[in-house]
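Here the structure comes first, spelled out in structure tokens, and everything after it is commentary.
Along the sequence shown, residues are numbered consecutively beginning with 1.
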Amino acid sequence: MTILDPPTAAEGTGEPVAATGRPVRRELGVANLFSHGFLLLWGGLTALPLLWMFVTSVKSNGEILADPWGLPAALRFDNWVRAWTEAQIGRYFLNSAVVVAGSVTLTMLMGATAAYVFARYEFRGKQIVYYLFVGGLMFPVFLALVPLFFVVRNAGLFGTWTGLILVYAAYSLPFTVFFLTAFFRTLPTAVAEAALVDGCGHFRLFFQVMLPMARPGLISVGIFNFLSHWNQFLLPQVLMQGDDSKWVLAQGLAALAVSQGYAGDYSQLFAGLTIAVLPVLLVYVAFQRQIQSGLTAGQLK
């Protein structure tokens, strides 16, 4: 067996040197340079399409057709006004806000309650029930479209926001329970035991002690659910047919893309797309630190 010599310090520099004579720090620097370069490339591939969409949304139709990659001669924010009013993006935007607010609230309430029970209490059949929840992650929504259509219609919820909210919450619940169960297990048990000794009931313990402690995890999974519900297209197309006054933003954008594709008003189309993307970007920018802390909290504890 050959024992490799440990790295030694270079004379006069204090920099560790490997057995080959090459500085270890230099090797790490090459790896960091490669990783940072890859991240910059990935960031560019992600940001440039968004930037091009924004620039196109403030150009005229003539500028879009003549020079799709060029800069606009003037910023025409009236395209956004026309998209908001004439294309009814404003109404679809508000409809989506109502549906997403209701579905995310319902998902977080039910998911956090179930996850807390799975993480903190022991009862017969606990693992079976937990794996039934988690098993929903492996069930694609495409396989359930036909039975889901008949279930929602027979329940009298077809074409209603209530039906859409319940379906959104049902399909987000498995991931929410899976994520928050692991997070609740990382929280200190001593705090909960101290609260129970002081006379705190289980209801107050959950809402006044454990939920505030689980705030990073709640914010992280809440953002993921928000993004999923806001960008959902397939379920509204199946369950919200008919009255376009109740359509959500994804349906409105699809209808706008079809109509403006024939009308040739591409500036209005790109303005509508930009309006739809802005809430997602703003939410992520506002809560990016909470998302990162929530994702890494379970590993750091």
- Let me see the working for Phe93 and Trp230 under ring pair (Phe, Tyr, Trp, His ring centres under 6.0 Å), right down to the final yes or no. CA-CA 10 Å; Phe93 187 96; Trp230 186 266; 5.3 Å; yes
- Item | Distance-minimising heavy-atom pair for Leu218 and Ala112 | CD2-CB, 4.1 Å
- Given side chains that start at C-beta, do those of Asn225 and Val100 come closer than 4.5 Å, heavy atoms only? no
- Do the side chain of Ser228 and the main chain of Phe224 share a donor and acceptor less than 3.5 angstrom apart? no
- Query: Are any side-chain N or O atoms of Asp67 and backbone N or O atoms of Glu63, one a donor and one an acceptor, separated by less than 3.5 Å?
  - Reply: no
- Item | Beyond-backbone contact of His229 with Val99, side-chain heavy atoms, under 4.5 angstrom | no
- Would a 4.5 Å heavy-atom cut-off, applied to side chains only, mark Trp52 and Phe270 as touching? yes
- Does the side chain to side chain contact (heavy atoms under 4.5 Å, CB included) test come out yes or no for Arg204 and Val209, once each step is laid out? CA-CA 7 Å; Arg204 289 183 57 194; Val209 179; over 6 Å; no
- Message: For the residue pair Ser57 / Trp80, report whether a side-chain donor-acceptor contact shorter than 3.5 Å exists.
- Response: yes
- Query: Would you say Asp78's side chain and Val81's backbone share a donor-acceptor pair under 3.5 angstrom?
  - Reply: no
- Ring centroid separation Phe133 to Phe118 under 6.0 Å: yes
- Item | Main-chain N/O of Leu234 paired to Gln237 side chain as donor or acceptor, under 3.5 Å | no
- Task: Could you tell me whether the side chain of Trp247 and the main chain of Tyr92 form a donor-acceptor pair under 3.5 Å?
- Result: no
- Spell out, as yes or no, whether a donor-acceptor pair under 3.5 Å connects the side chain of Arg120 to the backbone of Phe184. yes
- Is there a donor-acceptor pair under 3.5 Å between the side chain of Lys246 and the backbone N or O of Trp161? no
- Check whether any side-chain heavy atom of Val134 sits under 4.5 Å from a side-chain heavy atom of Val177, and report yes or no. no
- Message: For Ile128, I'd like to know if atom CD1 has over 12 heavy atoms of other residues, nucleotides or ligands within 6.0 Å.
- Response: no
- Determine yes or no for a side-chain-to-main-chain donor-acceptor pair under 3.5 angstrom, with Asn61 supplying the side chain and Tyr266 the backbone. yes
- Message: Within the 4.5 Å heavy-atom criterion, are Ser267 and Arg76 side-chain neighbours or not?
- Response: no
- Query: Is the backbone N or O of Phe183 less than 3.5 Å from a side-chain atom of Thr186, with the two atoms forming a donor-acceptor pair by type?
  - Reply: yes
- Leu205 and Tyr116: side chain to side chain contact (heavy atoms under 4.5 Å, CB included), yes or no, with the steps? CA-CA 11 Å; Leu205 173 64; Tyr116 175 72; 3.3 Å; yes
- Any donor-acceptor pair under 3.5 Å linking the side chain of Asn95 with the backbone of Leu249? no
